[in-house]
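One structure below.
Only heavy atoms go into these numbers, but all of them, side chains included; no hydrogens, no water, no symmetry mates. Start at 1 and go down the list; that is how both ligands and their atoms are numbered. Residues: numbered from 1 along the sequence shown.
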Amino acid sequence: ATGSVVATPAQYDAEYLSPVSIGTPAQTLMLDFDTGSSDLWVFSSETPKSSVQGQTVYNPSKSSTAKKLSGATWKISYGDGSSSSGSVYTDKVTIGGLSVSNVAVESAQKVSREFTAEADLDGLLGLAFSSINTVQPTQQKTFFDMAKPSLDSAVFTADLKYGKAGKYNFGYIDDSAYNGSLTYTAVDSSNGWWMFTSPGYAVGSGTLDSTSITGIADTGTTLLLVPSSVVTTYYKQIRNARYDSSQAGYVFPCSTSLPSFTYAVGNSQIVIPGKYINFAPVDSAGSSCFGGIQSDEGIGFSIFGDVALKAAFVVFDGSQSPRLGFASK
Ligand SMILES: O=C(CCCl)NNC1=[NH+]CCN1
C-alpha cells in the first residue's frame, strides 16, 4: 500500500497542514505532520468549548469504529512551550488513500493557548519514533509504525515547499520529485527523534565550514535552530541584522536581501535560498523581520525545521536501520 497527501502551508509557512480522515463515517481534520514528536492528537468533543476557536473537532461517539482505550491518558509538551493532554481512542485513520485500523487517536481534554490560537490546526500527527509516544500506561504506536506492515516500502517522504503546497508520501519514493540523487545519512534514533549530523555549512557563496551540526529533522518546528556560533556567522554577513532581545532572536529590515545558507548531508549539500530565511514581520508595522535561522541555545541539539527541510526532498527511511535521505529539488 501507499499514500500521498498534500501539505498546505499556514501563514508565513509557520506550519504545514494535511487532511486526515478519522472514523466511520469519516471525520476529516487538518493535522500538522510532526517528525519531531510521536503522538497523534486531535481537538475533540472532549476539548473545553472555551479552548476551541475555529478548529474542527473529532467526535468519537459519532464513529462506529471508535473504541475507548480504557484508562489510557497522554500529556505532551513541545519545544516551543506549547502543550496538550487528554484521553485515548482507537479508530480507523486514512491519509491520502492509505487506511490503517486501530490507530491510537489521542483526544485533547486540555490544550495550551498556542493551539487554541491556531484556528486552522485541528491537531498533530507524530512521525518520530514510537519510543517517545506519551500514552500511559500502555505506550502507543505512531500512524507510520501501524502502517508499516502494509506499506510497499517502509518509508515516508516530506516534500515541503516555500509558500505553496507540498506533499507527504507514504510507502514509496517519487523519484520525479527531486533533482539528481538522494544522499543518505545515518540516524541516531536512541532519543526517539530523526537525529543526524551535518558535517558542515556555508553562508552565501562562501566555502564550507567543517563545523558539524547535530540535530533532528523536524517538520513540526518552523525555523532552523543551530549553534550560536553558526547563527553569529550567518548574520555577520548582513549589515543591518541585529539581535533583538525583546524578540529573543535576530531581526533585520524586511527589505533585506539575505544570503543563502547551505548545510552538508554526507558528501552533498542542500542550499536554503536567502528568501526562505526571512520568516515574518515582528510587528504590524512590518518593517522589522524575524530571521528563519536562530539559536538552538538550551535545547541540547539543533533542529532542522521547515526552513531547512523545505529546501530539500527528504526520505524518512523507517527500515530496520533507520536513515534519512536528502536531495535538492
Ligand atoms: O517539539 C518539537 C521539538 C522537539 Cl525537540 N517539535 N515538534 C513540535 N510540534 C509543535 C511545536 N514543535
Side-chain angles (χ1 to χ4, degrees), residues 7-18 20 29-43 47 51 55 74-86 104-106 108 110-135 140 142-144 156 158 160 166 168 187-198 213-228 231 248-249 279-280 290 292-310 314 316 322 324:
T8 303
Q11 189 178 34
Y12 304 121
D13 294 358
E15 69 259 351
Y16 292 79
L17 300 172
S18 298
V20 176
L29 278 63
M30 297 300 287
L31 304 188
D32 178 3
F33 287 17
D34 181 9
T35 61
S37 68
S38 304
D39 286 50
L40 193 176
W41 72 262
V42 292
F43 277 77
T47 312
S51 297
Q55 291 83 3
W74 60 281
K75 182 175 173 55
I76 195 165
S77 55
Y78 297 101
D80 63 359
S82 60
S83 62
S84 50
S85 65
V105 178
E106 301 172 29
K110 284 182 186 169
V111 297
S112 63
R113 70 193 70 167
E114 294 87 354
F115 289 117
T116 295
E118 204 70 62
D120 300 335
L121 182 150
D122 304 327
L124 267 72
L125 188 135
L127 292 169
F129 293 85
S130 297
S131 60
I132 56 171
N133 172 269
T134 74
V135 175
Q140 299 297 302
T142 65
F143 171 83
F144 179 49
F156 67 90
L160 302 179
Y168 287 101
V187 161
D188 170 5
S189 64
S190 60
N191 290 303
W193 291 301
W194 295 91
M195 183 170 279
F196 70 103
T197 295
S198 164
I213 301 173
T214 296
I216 66 172
D218 182 5
T219 56
T221 291
T222 308
L223 306 182
L224 170 57
L225 308 179
V226 289
S228 48
V231 177
F279 169 51
F290 196 73
I293 296 175
Q294 299 292 347
S295 173
D296 65 9
E297 197 84 48
I299 300 173
F301 45 84
S302 294
I303 300 186
F304 293 84
D306 300 332
V307 161
L309 300 180
K310 67 177 133 176
V314 189
F316 292 78
L324 282 168

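- Among protein heavy atoms, the minimum distance from atom 12 (N) of ligand 1 is reached at G220 O, 3.2 Å.
- Rounding to the nearest 0.5 Å places CD1 of I132 at 10.0 Å from OG of S189.
- Nearest-heavy-atom check against atom 11 (C) of ligand 1 across I76, D80, L225 picks out D80.
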Take V314 and L324 through the test side-chain contact (heavy atoms from CB on, under 4.5 Å) and record every step on the way to the result.
CA-CA 7 Å; V314 189; L324 282 168; 4.2 Å; yes

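- Looking from atom 1 (O) of ligand 1 to the surrounding protein, the closest heavy atom is G79 N, 2.9 Å.
- Protein heavy atom nearest atom 9 (N) of ligand 1, with residue, atom name and distance: D34 OD2, 2.9 Å.
- Counting only heavy atoms from C-beta outward, the side chains of S37 and I76 approach each other to under 4.5 Å.
- Applying the 4.0 Å criterion to heavy atoms of L124 picks out, from ligand 1, the atoms 9 (N), 10 (C).
- Closest to atom 6 (N) of ligand 1 among all protein heavy atoms lies D218 OD2, 2.7 Å.
- Residues W194 and F304 place their aromatic rings such that the two centres sit no closer than 6.0 Å.
- Heavy-atom contacts of F301 reach the following atoms of ligand 1: 5 (Cl) (cutoff under 4.0 Å).
- Side chain to side chain, D296 and S302 meet the donor-acceptor criterion of an N or O pair below 3.5 Å.
- In this structure, a donor-acceptor pair under 3.5 Å is present between the side chains of T214 and T197.
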